[in-house]
Amino acid sequence: MDAIGRLLDLRELTVIVDEQGNVTFSDLPADIREVARSISGVAMNDILTMGAGQLRDAVRNRELSPVEVTTAFLERVEAVEPQVHAFLHVDPELAFDQARKTEADVMAGRGGVLAGVPVAVKDIFDTRDMPTTAGSRVLEGFRPPFDATVVARLRKAGAIVLGKTNMDEFAMGSTGEHSAYGPTRNPWDTTMSPGGSSSGSAAALAALQAPLALGTDTGGSIRQPAALCGVVGMKPTYGRVSRYGLIAFASSLDQAGPMARRVEDAALLLQVIAGRDPLDSTSLDVPVPDYASQVNAGVSGLRVGLVRDFVEQDGVEPDIRKRVLETADVLKEKGALVRDVRLPHAGYCIAAYYIIATAEASSNLARYDGVRYGLRREVPQGGLDAMYRATRSEGFGGEVKRRVILGTFVLSEGYSEAYYQRATRARTLIRRDFERVFRDVDVLLMPTSPVAAVGIGERAADPLSEYLLDEFTVCLNLAGLPGISVPVGLDHAGHPVGVQIAGPPLSEVDLFRAAKAVEDEFSFYTEFPDL
Ligand code: GLN
């Protein structure tokens, strides 16, 4: 059954919270349902706009029940999904099972860090109880036998997994249009793309379908859609978060990270998912700070480098340039020391990224052969090779095929020196540029995306024009550095604008501090799209 169908089944499900905080279900009519809700004293709309930390506190203080919170968000999902298409799978029954379990934990005084907080999970993370497709036909019907480490950590912290979000196939894309299951639409303007590849996670947050979401970022897929949808998204330092159970695109670049409507909530989510995982040998064995408690530390004395080349580049829309410079002024007013910096090799980022990412993808995607996962297309009397070919021809979309072909070419005998090896050398130069600037500054300020909005279908005919949307985000992945996008307002046409703050390895605390100072100035989380 599709997501909407399942949700419709829940229409008459009512949650009653009595004065002792006990929760019961019943199939009561709508008017009684309203009475039941008012017992808790918190209206449904208030639940939708509360931050994750506030929801958690209300749950722990027994002002709200996890079941009630889950009901509010599932109803919202149902109401706006036809316009947004942020989800590939929603599972109300599972969500309520988890909510009841969390409820019991809270009653026993064991409410976790995210007790009762709903989370939307990008469909690239393995979930043992829900299908996992990575937005691809080739994984249609695939049900992983285990949870990704980050999903397991969320559940342990008491979070409620609402469902799996739409995305560009195998996270390859910047618009969400490369999903095999149809595009997601930007809640701020449904003729526009929400960005990608974590298109559904970003859109779900903007549409108030969830207070938290998980994304992945190989070249910008958390930060860019966060910017286009007016939400917060952080790509942590490479290795900060486990990749176990994350379907691989380009393993030396992939990183999971938090998305939320507020900086503090992103910090809370990172706190839960970060940390050493014996199942991922690239995960860092470094203690996880209490990020959320440090977001309000302010920026006094923080040395901020404004990346001039990026801000002044021709392709950057004037509104975006203006907002980045305004943000620099805000940081200065709040006590930061702002100066210009340059990254001399930044011009090579896009080329190096699209060579390295496709090379790694061509190897990672070789496993989808019709034998081990999801789709399998037999060719009568065709033999094994014909089955591989038919499965891949039908299972992979156009962009994925383009990348696999490109990646195979750049690694091929006689060409790998000219392409792959040179790209890895460029990567080293880019990394050194960053090492050099971080001797003089603590964080960098730059645009997240050169444009505020991309029309659906606008870049489909010209893949390069889509690749160029990543020019300010891919550098950080190549260097393994953390970056956060924080919304600062709307452009002249009413589309959200985000700015990006980056830092040296493991500087997430500083990024959250700086982003929170920016958020305090613009308070964009108090604005909502009209849906
Ligand atoms: N848009 C970039 C790409 O298509 C980045 C994707 C990502 O970060 N997963 O490769």
Side-chain angles (χ1 to χ4, degrees), residues 122-125 134-136 165-180 183-184 193-202 213-229 233-236 238 241 243 246-259 349-365 396-407 410 423 427 448-451 454 458-460 462-485 498 500 502:
K122 187 177 182 179
D123 201 29
I124 199 165
F125 292 99
S136 182
T165 56
N166 204 354
M167 55 179 285
D168 286 297
E169 185 175 2
F170 287 108
M172 297 173 185
S174 312
T175 63
E177 290 166 51
H178 304 290
S179 166
T184 299
S193 149
S197 66
S198 307
S199 48
S201 288
L214 273 186
T216 60
D217 191 313
T218 305
S221 282
I222 288 177
R223 292 160 287 157
Q224 186 258 15
L228 270 54
C229 288
M234 175 187 267
K235 180 200 97 70
Y238 185 78
V241 179
R243 288 183 296 116
L246 188 176
I247 293 175
F249 162 9
S251 310
S252 78
L253 303 160
D254 294 342
Q255 187 58 195
M259 303 176 78
C349 289
I350 284 281
Y353 168 81
Y354 276 92
I355 291 171
I356 291 168
T358 55
E360 293 185 21
S362 71
S363 159
N364 274 327
L365 269 58
F396 288 141
E399 183 60 27
V400 171
K401 286 177 187 161
R402 188 183 353 262
R403 305 250 184 149
V404 170
I405 292 168
L406 195 60
V410 300
R427 185 178 194 173
T448 308
S449 160
V451 301
V454 188
E458 184 190 303
R459 311 224 167 188
D462 178 7
L464 194 60
S465 73
E466 187 179 332
Y467 297 172
L468 287 171
L469 293 172
D470 306 324
E471 57 182 323
F472 306 137
T473 49
V474 294
C475 290
L476 299 185
N477 301 75
L478 288 167
L481 305 176
I484 189 167
S485 181
Q500 182 174 212

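As the structure lists them, so they are numbered: ligands from 1, and atoms in each ligand from 1.
Of the protein's heavy atoms, Ser221 OG, 2.4 Å lies nearest to atom 7 (C) of ligand 1. Here the heavy atom of the protein found nearest to atom 2 (C) of ligand 1 is Asp470 OD2, 3.1 Å.
Heavy-atom contacts of Ser197 reach the following atoms of ligand 1: 9 (N) (cutoff under 4.0 Å). For ligand 1, the atoms closer than 4.0 angstrom to any heavy atom of Gly219 are 5 (C), 7 (C), 8 (O). For ligand 1, the atoms sitting less than 4.0 Å from at least one non-hydrogen atom of Tyr353 are 2 (C), 3 (C), 5 (C), 6 (C), 10 (O), numbered in the order shown with element in parentheses.
The closest side-chain heavy-atom distance from Pro183 to Thr175 is not below 4.5 Å. You'll find the side chain of Asn477 stays beyond 4.5 Å of the side chain of Gln255, heavy atoms only.
Across all non-hydrogen atoms, the minimal contact from Asp123 to Gly135 is OD2-N, 4.3 Å.
Residue contact annotation: Arg403 has a non-hydrogen atom under 4.0 Å from ligand 1. Within the structure, the closest approach of Gly173 to ligand 1 falls below 4.0 Å when heavy atoms are considered. Every heavy atom of Tyr467 sits 4.0 Å or more from the atoms of ligand 1.
Below 3.5 Å of separation, one finds no N or O of Asp217 facing any N or O of ligand 1. Looking at Met172 next to ligand 1, no N or O pair under 3.5 Å apart turns up. Not a single N or O atom of Phe249, backbone or side chain, sits closer than 3.5 Å to an N or O atom of ligand 1.
For the residue pair Lys122 and Ser198, a side-chain donor N or O sits within less than 3.5 Å of a side-chain acceptor on the partner. For Arg459 and Tyr467, the side-chain atoms include no donor-acceptor pair closer than 3.5 Å. Between the side chains of Ser251 and Asn364, at least one donor N or O lies within less than 3.5 Å of an accepting N or O. In summary, the side chains of Ser136 and Glu169 do present a donor paired with an acceptor at a separation below 3.5 Å, with no hydrogens or angles considered.
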(request) Test side chain to side chain contact (heavy atoms under 4.5 Å, CB included) on Met259 and Thr165 and set out the steps. (result) CA-CA 12 Å; Met259 303 176 78; Thr165 56; over 6 Å; no
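A donor-acceptor pair under 3.5 Å is absent between the side-chain atoms of Glu399 and the main chain of Gly173, judged by distance alone.
Using a 4.0 Å cut-off between heavy atoms, Thr218 contacts ligand 1 through both its backbone and its side chain. Both the backbone and the side chain of Ala171 come within 4.0 Å of ligand 1, counting heavy atoms alone.
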